[in-house]
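As the structure is a prediction and not an experimental result, all values here were calculated from the model. Proteins come first, then strands; the chains are lettered A, B, ... in the order of their sequence lines, and each starts at number 1.
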Amino acid sequence: MATEEIQQEEQPATTTATGESSPQVYINQLSKHVGAEVTLRGWLYNLRSSGKLLFPQLRDGTGVVQCVVFKKAVAEEVWDALKNLGQESALSIRGTVRADERAPGGFEVDVVGAEVLHAVEGYPITPKEHGTEFLMDHRHLWLRSRRQHAILKVRHTVVRAVRDFLDNDNFTLADAPVLTPAACEGTTTLFEVDYFNDEKAYLTQSGQLYNEATAAAFGKVYCFGPTFRAERSKTRRHLTEFWMVEPEMAFAHLDDVMNLAERFVSSIASRVLEERQEELKVLERDTSKLELIVPPFPRLHYDDAVKMLHEGHERGELDARFEWGGDFGAPDETYISKQFEKPVMVHRYPAAIKAFYMARDPERPELALGVDVLASEGYGEVIGGGERATSLEFLEEQIKAHELPREAFEWYLDLRRYGSVPHAGFGMGIERCTAWMCGIEHVRETIPFPRMLYRIRP
RNA sequence: UGUGGCGUAGCCAAGCGGUAAGGCAUCGCACUGUUAAUGCGACCAUCGCAGGUUCGAUUCCUGCCGCCACAGCCA
């Protein structure tokens, strides 16, 4: 909150038509102006009336405040302009700030003057209930609603927490390209675009391989940007375009990644709790669940996770019996995470189901040194990562075994020819993390303009 | 892509073989403390599209389109 207050200093005073002036302020700054006359600029959120009284609620992006208009306190043309004003009309209001227990935000503004900048008729999103399709079609307007506003403010804090945590931990931002020449894991889940000279390029799925190059240059790095998956998945956890932050550390092992992941996730949760109490209240988030997100997180070996799933099946809490060797499905992940109050870190998955670049467990080569962080409350996988293989020969074999085009990986293999060291990292999806922090059902509300299987507009 | 569900006014929604409730929004009137204000009045519908069954279809059947949930895959 403190940094925001610095950014949102008063704007220069504006002069009204009658020559009077008062400082231009934002709604979240009203507490500093109690008793003073101020000018607010914003949009009409709602309007109630009672005889010679009007209660316009003004929204300016920083908050919503109820204003009070007494018919006798304003010029007749002001009263007439306000009394039938439509929702989302743009206006400037001049009035005196007053602390009032009856007001939701604690303050009210007694209006002495107002100027309608744009009168609106027929704003489609009313204060009543709407269906998903209607709201998604009006996403450009839906963003103005209190709940959406709260979610995106939490997202903003998640992003800041991510950057601050890594920057303060000596990570260097070294972004990976969005356009990439080849696929690391087949082309079926990649968006293809035309490059020059009949060449094909693909939108990145992950900055992973490039991170390994920058980690060898800077030691500890991260990339943070949009990633794209052309998966035909239609669930509450999937977007085709989402933002991912991927830290990578040279001279690091699986345990280092797990230590980093739990500190990282905990710092995000505590930052959200610290800065976004108002928003969490709007979202009716049970904040006691977020307060539990502190290190250490339970660490669960894949073998033990499988045992846990077998017990769940025997108790009839899971339909299918899980077979060792497979990847967890959504119901499996939910079951595992429900056994703990905190996020769980599941490590050492069968190598067969993990990416080609994963390092193997020296004691059990059939296992990969990978880790997934399963969020609490059934929010599923928010982090996936692990230790990378260091041996040139091993990677050459893996590329062959996965039937990947060797030429495309020559630059990557160079990283094993010139100063190859143990290194490890992970990726975290910003939208999944934000949905978890907010306690909301679907990731589509955690990004301003979601891109999904059947949704690319607006 | 598979399974299940749903498409009725600008929005939400009841009706499920006999000719379209109710609420919100909008418009008008009343009200000096409203909190999704309230009260009274007004306005708003080729019941997703195309066929079929029937004396008669929003209702039953078939196909198509759209949306939602779940699954696979993943962050």
Side-chain angles (χ1 to χ4, degrees), chain A residues 45-57 64-73 79 83-84 86-88 98 100-105 108 110 120-138 141-142 145-146 185-186 188-189 204-208 224 226-246 261 265 319-320 326-334 353-355 372-375 379-385 426-436 441-444 446-447 452-455:
Chain A
Y45 197 70
N46 195 14
L47 178 66
R48 284 182 286 269
S49 72
S50 179
K52 303 291 178 275
L53 273 174
L54 290 177
F55 299 97
Q57 285 190 303
V64 180
V65 68
Q66 174 163 285
C67 303
V68 185
V69 188
F70 282 89
K71 189 171 185 183
K72 282 181 189 161
W79 175 265
K83 74 177 181 198
N84 288 321
Q87 198 186 342
E88 289 302 317
R98 178 168 44 74
D100 193 315
E101 284 178 9
R102 292 170 292 188
E108 281 189 344
D110 289 319
V120 166
E121 260 179 68
Y123 182 72
I125 301 178
T126 63
K128 281 278 184 174
E129 72 273 17
H130 300 283
T132 305
E133 187 182 9
F134 178 81
L135 290 169
M136 291 301 290
D137 283 342
H138 294 85
L141 302 176
W142 190 21
S145 301
R146 199 181 294 240
E185 290 143 56
T188 51
T189 61
T204 183
Q205 271 188 315
S206 159
Q208 163 61 37
F224 180 40
T227 47
F228 306 85
R229 306 261 167 108
E231 293 159 1
R232 305 187 75 79
S233 33
K234 257 180 57 155
T235 78
R236 70 178 72 180
R237 311 196 242 279
H238 286 88
L239 297 169
T240 53
E241 176 182 317
F242 66 98
W243 284 65
M244 184 153 68
V245 57
E246 297 173 89
V265 168
D319 290 341
D327 209 350
F328 304 130
D332 304 317
E333 275 184 6
T334 304
I353 56 168
K354 289 290 175 183
D372 283 351
V373 178
L374 306 182
Y379 275 90
E381 188 183 338
V382 284
I383 281 179
F426 63 77
M428 186 189 78
I430 291 295
E431 291 76 16
R432 285 190 185 175
C433 181
T434 304
W436 176 29
E441 283 291 301
H442 205 297
V443 292
R444 67 183 159 219
T446 63
I447 186 166
M452 299 181 292
L453 181 52
Y454 296 122
R455 166 72 61 180

Margin query: Can you classify the ring geometry of A/H130 versus A/F134 as parallel (below 30°), tilted (30 to 60°) or perpendicular (above 60°)?
Written below: parallel
Note to self: For a quick check of understanding: with a heavy-atom distance under 4.0 Å over all strands, which category does A/K72 fall into, base, sugar-phosphate or nothing?
What the structure shows: base
Next item on the list: Round to a whole Å and report the spacing from CZ of A/R455 to P of B/rG66.
Entry: 12 Å
Margin query: Does A/N46 reach a base, just sugar-phosphate, or nothing at all? Heavy atoms under 4.0 Å.
Written below: sugar-phosphate
Notebook entry, point to check: Looking at A/R229, does any N or O in its side chain come under 4.0 Å of the phosphate oxygens OP1/OP2 on B/rC74?
Noted result: no
Next item on the list: Tell me whether the OP1 or OP2 atom of B/rC65 has a side-chain N or O from A/Y454 closer than 4.0 Å.
Entry: no
Check: So what does A/E108 touch, heavy atoms closer than 4.0 Å: a base, only the sugar-phosphate, or nothing?
Finding: base
Checklist line | Donor-acceptor contact below 3.5 Å, side chain A/Y123 vs main chain A/L141 | finding: yes
Next item on the list: Starting from C1' on B/rC73, measure out to CD on A/Q205 and report it in whole angstrom.
Entry: 11 Å
Item checked: Given B/rC70, B/rC31, B/rA36, the nucleotide with the shortest approach to the side chain of A/K52 -> B/rC31
Checklist line | Sugar-phosphate, base or nothing in reach of A/S49, heavy atoms under 4.0 Å | finding: base
Next item on the list: Any chance you could encode RNA chain B as dot-bracket? Rule is Watson-Crick or G-U wobble with both distances under 3.5 Å; [ ] for pairs crossing earlier ones, | for another strand.
Entry: ((((((((.[[[..)..(...]]].(((((.......))))).....[[[[[..)....]]]]])))))))....
Item checked: Side-chain N or O of A/R444 closer than 4.0 Å to phosphate OP1/OP2 of B/rC67 -> no
Notebook entry, point to check: Tell me: CZ of A/R232 to P of B/rU3, nearest whole Å?
Noted result: 16 Å
Notebook entry, point to check: To the side chain of A/D327, which of B/rU32, B/rA75, B/rC74 is closest?
Noted result: B/rC74
Check: Are A/H442 and B/rA69 close enough that a side-chain N or O sits under 4.0 Å from OP1 or OP2?
Finding: yes
